[in-house]
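All remarks here apply to the structure that follows.
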Protein chains: 2
Amino acid sequence: MKDFQDAYGHQLYDYYEGRSDGLEIVERDDGFIQANFGPKTYLSEYKDWSKHEKAGIRYAKGRILDIGCGAGRHALYLQNRGHRVLGVDVSPLALKVARTRGLKETRTLSISELTPKLGMFDTILMLGNNFGLFANPRQARSLLRRFLKITNPHAVIIAESLDVYQTKDPDHLRYHQFNKKRGRMAGQVHIRVRYKNYSSPWFDYLLVSQKEMREIVEGTSWKIVRFISNRSPRKPRSAAVYIAIFQRQF
Amino acid sequence: MKDFQDAYGHQLYDYYEGRSDGLEIVERDDGFIQANFGPKTYLSEYKDWSKHEKAGIRYAKGRILDIGCGAGRHALYLQNRGHRVLGVDVSPLALKVARTRGLKETRTLSISELTPKLGMFDTILMLGNNFGLFANPRQARSLLRRFLKITNPHAVIIAESLDVYQTKDPDHLRYHQFNKKRGRMAGQVHIRVRYKNYSSPWFDYLLVSQKEMREIVEGTSWKIVRFISNRSPRKPRSAAVYIAIFQRQF
């Protein structure tokens, strides 16, 4: 990733350095654009995490690979609890923030560049909706099979996603239809991050229902053993987010 | 303005109705994009205004024309103080918010559509950087002359702008050079507002130094009688904003 493409990293770095308001802009390929408070979340401490996030991370064990670790909020928490953690991300500047914050092991790598040279892991972390990094169902299955080569027999994957169907927003419902018409999953969003003059390449990010996730994982030697939902009567908006625990079958 | 172009109005309306975080996205024609807390400002009450804004609005008198009135924060304040105020804006939804909040007189009009049919005014308000609505120096002079036809002899204009030269931001300095090379003023920004699937047409917004404003106003039968700066040692970032009071020469 060239520096002018590292919109994600620059927004994070500037916010970390106190030089911005920490507003993230995400643009979708139907023209939909929205700002959010992402960077604040990406730097949040354990005490500020949601209930389901705290519940999900309890499944982490042994040596940990955090895919799309960003500023390292999950990786640092686990490192502080004594785990050996490798954080990988495509954003060099995000990793710079993670290292500055104390993360010892980082590598600038995408989810499709993981090899046994990195060693073997007991846990693969894909929190912060990072199941989305699988991009599409075909690649999800292919990478889940490859994960067998970098994980120990009792390994787990802790992956978060968003059930896109739990919405009544006409903009999103229209996008689901748009996606289906072009042969994609409803929640296979094609997006990019923009910040100042930086713009990430367009990329696919896969958001799925629990049923869809089960179908994708079927036959990959991984088994979903638990879903942890973020349902809360007080936060109707975040009800659609959930974490899945995958157990390696051996 | 078609509804799909009313990005400004929709973001304002949704925030007013409590349906959004109130983040505004502005895109510049060099690719620079930034989110801000605009809608909160657009709905702010007098007590939350900056010092120079409170000082500037004290020059308002008689019947008032608020150009680009938005959600009507200035218009409503003056109406509540007993003035007759007409708010004009190109955004139908912004005017809907202004009317819902109590603004009695509104018209969906741009700055170049103002005619004596609207009646005569004692004050023209162009706060919130709305000197920018003049778009370019030539149109500024032409419209200032036309304002003679809709104002009474003792009329004033209260206009706010931003001295773009008071920055060290390389992104902005580069844009100034880009503008000069194509024969535009450094602060003649070409921008659009984006919100969800809404996108305003691209438009010019003219940001000038006090010296540049003097040069533009020269020979138009309006005279700048006072500049009110927002200089404050506590807010170095907002130091570049200022209000000018124009007195009609007769």
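Computed from a prediction, not measured in an experiment: that's the story for all the values here. Proteins get letters first, then strands, A, B, ... in listed order; numbering begins at 1 in each.
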Only one of I25(B), L23(B), D21(B) passes side chain to side chain contact (heavy atoms under 4.5 Å, CB included) with L23(A), and that residue is L23(B)
- Query: Under 3.5 Å, is there a donor-acceptor pair between the side chain of R194(A) and the main chain of G31(B)?
  - Reply: yes
Applying a strict 4.5 Å limit to non-hydrogen atoms, the region of Y195(A) in contact with chain B is backbone
Point to revise | More than 12 heavy atoms from other groups under 6.0 Å of CZ on R101(B) | key: yes
Q | Atom NZ of K40(B) with >12 non-hydrogen neighbours under 6.0 angstrom | A | no
Got a sec: does the CZ of R182(B) have more than 12 other heavy atoms crowding it under 6.0 Å? yes
Could you tell me whether R58(B) atom CZ has more than 12 heavy atoms of other residues or ligands within 6.0 Å of it? no
Of the listed Q11(B), R28(B), E24(B), E27(B), the one with the largest count of heavy-atom pairs under 4.5 Å with chain A is E27(B)
Taking the side chain as every heavy atom from C-beta outward, state whether N197(B) and R174(A) have any atom pair closer than 4.5 Å.
yes
*asked:* Does atom CD (E45(A)) have a neighbourhood of more than 12 heavy atoms from anything else shown, all under 6.0 Å?
replied: no
The interface call for N36(A) against chain B, heavy-atom contacts under 4.5 Å, is backbone
